[in-house]
> 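Dropping a structure here in structure tokens format, bear with me for questions.
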Amino acid sequence: MPWVFKTEPTECSIDDIGAAGADGVIWEGVRNYQARNFLRDEVVVGDLVLIHHSSCAQIGVAGVAQVTEAAFADPSQFQQDSQYYDPKATTDKFAWYAVKVSLVEKFARVLTLAELRDCPGLAELVLVKKGNRLSIMPATKQQFDLVLFLTKT
DNA sequence: GCCAACGTTGGC
DNA sequence: GCCAACGTTGGC
């Protein structure tokens, strides 16, 4: 299933994903239960992911990544110096999961949120819904293909 | 288990 | 920096 992952580019941008090479980057720090459940239960190796840059100058979808490793224990929950540290987490019992993604394609330009909202075929895309705060969101194949099509217009 | 208060997200 | 929308917390 295709996905949309949100990220602040100051944390992990499309270029950071590209710089990580074929092995990919660890997608960690997800601390919302609904998003966690998607990561833990539904994101599988090979899934394609639209990478959305949020809270930045150029808000929008910046490219496509691919899942290279499915759910494993989010290492940041064990790291005391991490902003994502969870003192309750042990290696036997923990709440948070991470995946790995590698770069497939960086778009020639960022597809802005306004453009996505202007596209009737994307009205049901979770990313464009008002008040949406999920950082891991499912998308349909039709929505995914439509976003790729928009990059060519 | 309800729900008010609070904190966070994230576009603008 | 503002503020709408949402998630979480905690008293009862």
Side-chain angles (χ1 to χ4, degrees), chain A residues 1-20 24-43 47-67 71-90 92-101 103-140 142-151 153:
Chain A
M1 178 188 294
W3 300 93
V4 179
F5 286 9
K6 254 193 271 196
T7 179
E8 297 186 15
T10 51
E11 294 291 317
C12 181
S13 71
I14 193 82
D15 290 327
D16 294 329
I17 298 171
V25 294
I26 298 177
W27 205 268
E28 61 185 1
V30 172
R31 294 295 181 271
N32 164 283
Y33 286 104
Q34 199 181 347
R36 187 281 308 269
N37 291 348
F38 283 134
L39 277 189
R40 185 189 59 190
D41 305 332
E42 299 195 43
V43 175
D47 278 355
L48 294 174
V49 181
L50 296 168
I51 301 297
H52 173 82
H53 284 173
S54 69
S55 296
C56 60
Q58 275 210 304
I59 295 165
V61 176
V64 178
Q66 184 168 36
V67 177
F72 56 95
D74 181 337
S76 68
Q77 68 193 314
F78 306 121
Q79 296 160 1
Q80 287 196 31
D81 58 346
S82 169
Q83 60 173 316
Y84 302 118
Y85 178 60
D86 179 358
K88 296 192 297 294
T90 68
D92 288 335
K93 199 168 191 297
F94 55 86
W96 308 114
Y97 290 78
V99 299
K100 272 184 152 183
V101 302
L103 184 68
V104 173
E105 175 190 4
K106 179 186 177 181
F107 295 157
R109 63 183 186 87
V110 171
L111 266 185
T112 67
L113 250 195
E115 286 177 89
L116 299 178
R117 290 210 166 101
D118 280 346
C119 180
L122 297 176
E124 296 305 312
L125 183 65
V126 181
L127 179 67
V128 309
K129 293 253 176 173
K130 187 179 176 187
N132 164 61
R133 287 169 59 177
L134 257 188
S135 59
I136 306 287
M137 292 162 278
T140 66
Q142 288 81 356
Q143 290 164 341
F144 180 87
D145 290 344
L146 190 45
V147 170
L148 288 203
F149 173 78
L150 287 180
T151 66
T153 61

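All figures in this text were calculated on a predicted structure; none of them were measured in a lab.
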> Got a donor-acceptor contact below 3.5 angstrom from the A:Arg117 side chain to the A:Val128 backbone?
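Yes; at least one donor-acceptor contact below 3.5 Å.
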
> Determine whether the aromatic ring centres of residues A:Trp96 and A:Tyr33 are separated by less than 6.0 angstrom.
yes

> Give the rounded distance in Å between these two atoms: CG of A:Asn132 and P of B:dC12.
13 Å

> From CG of A:Leu134 over to P of C:dT8, roughly how many Å is that when rounded to an integer?
10 Å

> If we only count heavy atoms from C-beta on, is the A:Glu11 to A:Gln83 side-chain gap below 4.5 Å?
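Sidechains of A:Gln83 and A:Glu11: in contact.
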
> Among the candidates B:dG11, C:dA4, C:dG7, find the nucleotide nearest to the side-chain atoms of A:Asn32.
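So the nucleotide nearest the side chain must be C:dG7.
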
> To the nearest Å, give me how far apart OH (A:Tyr33) and C1' (C:dT8) are.
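Atom OH in A:Tyr33 sits about 9 Å away from atom C1' in C:dT8.
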
> Give a yes or no on whether the ring-centroid distance for A:Trp3 and A:Phe144 is below 6.0 angstrom.
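Ring centres of A:Phe144 and A:Trp3 not closer than 6.0 Å.
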
> Could you work out which one of C:dT8, C:dG7, B:dG11 sits closest to the side chain of A:Ser55?
B:dG11

> Write down the distance between CD (A:Glu115) and P (B:dC12), rounded to a whole number of angstrom.
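These atoms are roughly 13 Å apart.
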
> Looking at every strand, decide which applies to A:His53 at a 4.0 Å heavy-atom threshold: base, sugar-phosphate, or nothing.
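No contact at all - A:His53 keeps every heavy atom at 4.0 Å or more from the nucleic acid.
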
> Nearest whole angstrom, please: distance from the P of B:dG10 to the CD of A:Glu11.
12 Å

> Rounded to the Å, how far apart are A:Met137 CE and B:dG10 C1'?
12 Å

> Of the nucleotides C:dA5, B:dG11, C:dG7, which has the atom closest to the A:Lys130 side chain?
C:dA5

> Nearest-Å distance, CG (A:Leu127) to C1' (B:dT9)?
13 Å

> Should A:His52 be listed as having a side-chain N or O under 4.0 Å from OP1 or OP2 of B:dG11?
yes

> Look at the side chain of A:Arg36 and the backbone N and O of A:Ala95, then say whether any donor-acceptor pair between them is shorter than 3.5 Å.
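Side chain of A:Arg36 to backbone of A:Ala95: a pair is present.
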
> Taking any heavy-atom pair under 4.0 Å as a contact, classify A:Arg31: base, sugar-phosphate, or nothing.
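Contact class for A:Arg31: none.
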
> To the nearest Å, give me how far apart CD (A:Gln34) and C1' (C:dA5) are.
14 Å

> Below 4.0 angstrom from OP1 or OP2 of B:dG10, is there any side-chain N or O of A:Lys6?
yes

